[in-house]
Structure formats: C-alpha cells, structure tokens
Enquirer: 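Okay, here's the structure, questions in a sec.
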Amino acid sequence: MWTQENLMPNIVFYVAASLDGYIATPEGGVEWLAPFESAEAESSYPEFYASVDGLVMGSRTYEQVLSFGEWPYGEKPCWVFSQRDLLVTQPTIKVTRQSPEEIAIELQQHQLQRVWLVGGAALTSAFRAKGLITEYIITIVPVILGGGIPLFIAPSVQENLQLISTKRYSNGLVELQYLRDGSPQVGH
C-alpha cells in the first residue's frame, strides 16, 4: 500500500451511483442519469474538473466516453487501462497495460498532483486493492436500478473513510465526499 510519505498524487474517484450502488446498467448505459441533470447539480463539476490535472480510466469507460462524440477532457493527460488495442483520438491519451502502482509512479513522475479515476468498476477495485485512492466523491442518485455495473466489485478490501462534506441538491441528488483514513487533507 502507498503511504503519505510516497508523495503520490491524490487519486480521486468521482462518480454518480444509484441508491442501490450501481454506476451503469448491465449493458453499461447511463441514460438513467439524464432526468437528474440540472444546472444546479452540474454546478460542482467545473470546480472539480479544474482541480484535477490528469485522468485514468478503464477501456470500457473510455469507449463509452468516445461514443458521446467530442473528447470532453481537453488537453489533460489521460491513461486508459486496456489489454486490447484501442483507437486513440487525442495526443494526450495513452493506452497502457501497466499496473495501477506503475501508473501511480508515472503520474508522480509527470508531477501530477490530483488525478481523476473516472471508472470503471474493475479499475477502481484494482486501485482500491493497492490503497491508491485517497478521496471518494460519490453522488447518490435517487434511483434503484436493481442491477448493473456495481460501484465496487466484491470481494473487496475494507477501507475506513472520513466524511468531509455533503451537498444536497433540490432534485434529490446527494454528493458525499470522503477521504481515506490517513490521507492528506486535500484542497480544491
């Protein structure tokens, strides 16, 4: 496990999840989020996005993002974990077969301070298993999907978290921000 002394970048898992703990339908769909999109609910995203200087994501998440059209992450460097060859649409995208620990070191070498772990569930579990996620920002959506891609894959390691903020939106969303116990306090 990484420790504070390693000076690794803060890796933040920022995600929306249904009340029953799913991030997508069994097919990977996220259309169930559309009824909850609002200016108020989306107001915290620009501040969060400005606070990160890089991204990591799994291949299915990457392909889902590409299906939306234009690459939404601008010039921020992005590492995509995949065992397959993938279409690379931007010079800032790097497809990798490296382990989460190897990428954490690479992120540190690129002097990144705060990195967004965009998804998916398998990659998040791999980062969690190595103690690499320092912060969780989870927006609970008032929907019960009844199945799909889980927020966390079982079996999983136990992590003790410290709640540092909550935000309630008028459309029923609740944003919860946690730090892993022992993580440095992060600022935005």
Side-chain angles (χ1 to χ4, degrees), residues 4 9-58 60-62 64-65 67-68 72-74 76 78 100 113-188:
Q4 196 172 329
N10 287 318
I11 297 176
V12 183
F13 183 45
Y14 177 84
V15 67
S18 66
L19 184 61
D20 56 346
Y22 295 100
I23 58 174
T25 64
E27 301 78 30
V30 292
E31 61 282 342
W32 56 276
L33 292 168
F36 298 95
E37 293 173 358
S38 69
E40 178 197 19
E42 293 178 12
S43 65
S44 68
Y45 176 77
E47 181 183 348
F48 168 76
Y49 185 70
S51 78
V52 298
D53 45 11
L55 303 94
V56 295
M57 65 181 69
R60 285 182 288 220
T61 300
Y62 173 70
Q64 178 84 5
V65 169
S67 76
F68 299 145
Y73 303 121
K76 293 190 182 189
C78 178
Q113 300 297 307
R114 188 169 159 90
V115 176
W116 178 11
L117 172 54
V118 182
L123 184 62
T124 300
S125 291
F127 271 80
R128 282 191 66 239
K130 299 301 179 182
L132 295 170
I133 301 174
T134 54
E135 184 179 354
Y136 296 84
I137 302 173
I138 301 171
T139 300
I140 303 300
V141 181
V143 169
I144 296 175
L145 292 178
I149 299 172
L151 182 60
F152 300 110
I153 296 175
S156 188
V157 297
Q158 177 178 327
E159 277 187 277
N160 295 323
L161 305 174
Q162 175 187 14
L163 180 66
I164 60 170
S165 75
T166 61
K167 187 171 186 178
R168 182 180 182 272
Y169 296 95
S170 61
N171 63 357
L173 299 176
V174 177
E175 183 181 276
L176 305 168
Q177 183 179 16
Y178 294 93
L179 288 180
R180 188 183 73 228
D181 276 358
S183 293
Q185 185 71 27
V186 293
H188 298 291

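We use all heavy atoms of the structure for the numbers below, so side chains are in, but hydrogens, waters and symmetry mates are not. Here, residue 1 is the first one in the sequence, and each next residue gets the next number.
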Enquirer: Could you report the tightest heavy-atom contact between P142 and N171, atom names first, then the distance?
Expert: CG-O, 4.1 Å

Enquirer: With the side chain counted from C-beta on, respond yes when L176 and I140 share a heavy-atom pair under 4.5 Å apart, and no when they do not.
Expert: yes

Enquirer: Rounded to the nearest 0.5 Å, how far apart are CG of L117 and OG1 of T134?
Expert: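 It is 10.0 Å, given to the nearest 0.5 Å.
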
Enquirer: Within this structure, what is the CD-CD1 distance for the pair E159 and I133, rounded to the nearest 0.5 Å?
Expert: 6.5 Å

Enquirer: Sub-3.5 Å donor-acceptor pair from the side chain of W116 to the main-chain atoms of Y14, do we have one?
Expert: yes

Enquirer: Going through the checks in order, is the side chain to side chain donor-acceptor pair (under 3.5 Å) test met by T166 and E175?
Expert: CA-CA 6 Å; T166 61; E175 183 181 276; over 6 Å; no

Enquirer: Main chain of M57, side chain of T61: is a donor-acceptor contact present, judged purely on distance under 3.5 Å?
Expert: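 Flag not set: sc T61 to bb M57 has no pair under 3.5 Å.
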
Enquirer: Taking the side chain as every heavy atom from C-beta outward, state whether I23 and P150 have any pair of such atoms under 4.5 Å apart.
Expert: no

Enquirer: Taking the side chain as every heavy atom from C-beta outward, state whether I11 and F127 have any pair of such atoms under 4.5 Å apart.
Expert: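 Yes, side chains in contact.
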
Enquirer: Looking at OG of S165 and CG of L163, how far apart are the two atoms once the value is rounded to the nearest 0.5 Å?
Expert: 7.0 Å

Enquirer: Look up atom CD1 in I164 and atom OH in Y178, then write down how far apart they are to the nearest 0.5 Å.
Expert: 11.0 Å

Enquirer: Could you check whether any side-chain N or O of S18 sits under 3.5 Å from a backbone N or O of I144, counting only pairs where one atom can act as donor and the other as acceptor?
Expert: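 Flag not set: sc S18 to bb I144 has no pair under 3.5 Å.
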
Enquirer: May I ask you to test the V12-F48 pair for a side-chain heavy-atom distance under 4.5 Å?
Expert: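 Sidechains of F48 and V12: in contact.
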
Enquirer: Please check if the side chain of E40 supplies one atom and the backbone of Y169 the other of a donor-acceptor pair under 3.5 Å.
Expert: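 No; zero donor-acceptor contacts below 3.5 Å.
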
Enquirer: Is any side-chain heavy atom of I137 less than 4.5 Å from a side-chain heavy atom of F13?
Expert: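 Side-chain contact under 4.5 Å: no.
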
Enquirer: Nearest 0.5 Å, please: how far is OG1 in T124 from CD1 in I153?
Expert: 8.0 Å

Enquirer: Any sub-3.5 Å donor-acceptor pair from T25's side-chain atoms to G148's backbone N or O?
Expert: no

Enquirer: Evaluate the side-chain proximity of V141 to W32: yes if any heavy-atom separation is below 4.5 Å, no if none is.
Expert: yes

Enquirer: Please give me the minimum heavy-atom distance between V157 and A129, naming the atom from each residue.
Expert: CG2-CA, 4.2 Å

Enquirer: Indicate yes or no for a side-chain donor-acceptor contact from K76 to the backbone of Y49 under 3.5 Å, with no hydrogens or angles considered.
Expert: yes

Enquirer: How many angstroms lie between CD in Q162 and CZ in R180, if you round to the nearest 0.5 Å?
Expert: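 Atom-to-atom, Q162:CD and R180:CZ are 12.5 Å apart.
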
Enquirer: Keeping N10 on the side-chain end and R114 on the backbone end, is there a donor-acceptor pair under 3.5 Å?
Expert: no

Enquirer: Compare every heavy atom of S44 with every heavy atom of K167, then report the nearest pair and how far apart it is.
Expert: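 Residues K167 and S44, closest heavy atoms: NZ-CB, 4.4 Å.
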
Enquirer: Any sub-3.5 Å donor-acceptor pair from D20's side-chain atoms to L145's backbone N or O?
Expert: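 Yes, because the side chain of D20 sits within donor-acceptor range (under 3.5 Å) of the backbone of L145.
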
Enquirer: Considering only heavy atoms from C-beta outward, does the side chain of V115 approach that of V56 to under 4.5 Å?
Expert: yes

Enquirer: Can you name the closest pair of heavy atoms from I149 and A121 and give their distance?
Expert: CG2-CB, 3.9 Å

